[in-house]
Amino acid sequence: LKTGPLPFPPFLLSLDVIGTVFLGLGLAKYFGNVDVLPLSWRFDNYESVLIGAGAALTLPLMAHMVKQAMRAGKADRP
């Protein structure tokens, strides 16, 4: 098991965690009709906003990982 610094910035990891929570809350409401948010925070179709915001917040970490993989692939080429 490798120990040491994270292979990506902690800020991107925190954005990904928040995005995953938003995505999970939105999907729980959309598919399971589970209302976790307080009544005062709800509005029409808030699940769609949570799903979109969650997906948008997870994109920066994915883009960073793809960029690292592309750099590593270029370094492996002769």
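- Considering only heavy atoms from C-beta on, L57 stays 4.5 Å or farther from D16 through its side chain.
- Under the 4.5 Å side-chain contact rule for hydrophobic residues, L59 and V66 do not share a cluster.
- Around CZ of F11, the count of heavy atoms belonging to other residues, nucleotides or ligands within 6.0 Å does not exceed 12.
- More than 12 heavy-atom neighbours from other residues, nucleotides or ligands sit within 6.0 angstrom of CE on M62.
- Under the 4.5 Å side-chain heavy-atom criterion for Ile, Leu, Val, Met, Phe, Trp and Tyr, I18 and L25 are members of the same hydrophobic cluster.
- Between the NZ atom of K29 and the CD1 atom of I51 there is a distance of 11.0 Å, given to the nearest 0.5 Å.
- Under the 4.5 Å side-chain heavy-atom criterion for ILVMFWY residues, no single connected hydrophobic cluster contains both M70 and L61.
- Applying the side-chain contact (heavy atoms from CB on, under 4.5 Å) test between F22 and each of T58, L50, L27, V17 identifies L50 as the sole match.
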Verdict with reasoning, R42 to D35, per side chain to side chain contact (heavy atoms under 4.5 Å, CB included): CA-CA 9 Å; R42 297 181 203 161; D35 288 317; 3.3 Å; yes

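- Clustering ILVMFWY residues whenever any of their side-chain heavy atoms sit less than 4.5 angstrom apart, transitively, puts V49 in the very cluster that holds W41.
- Side chain of Q68 to backbone of P7: a donor-acceptor contact under 3.5 angstrom is found.
- Using a 3.5 Å distance cut-off with no hydrogens or angles, the side chains of Y30 and N45 do not pair a donor with an acceptor.
- Nearest heavy-atom pair across P60 and L15 is CG-CD1, 4.3 Å.
- To the nearest 0.5 angstrom, N33 atom CG is 8.5 Å from E47 atom CD.
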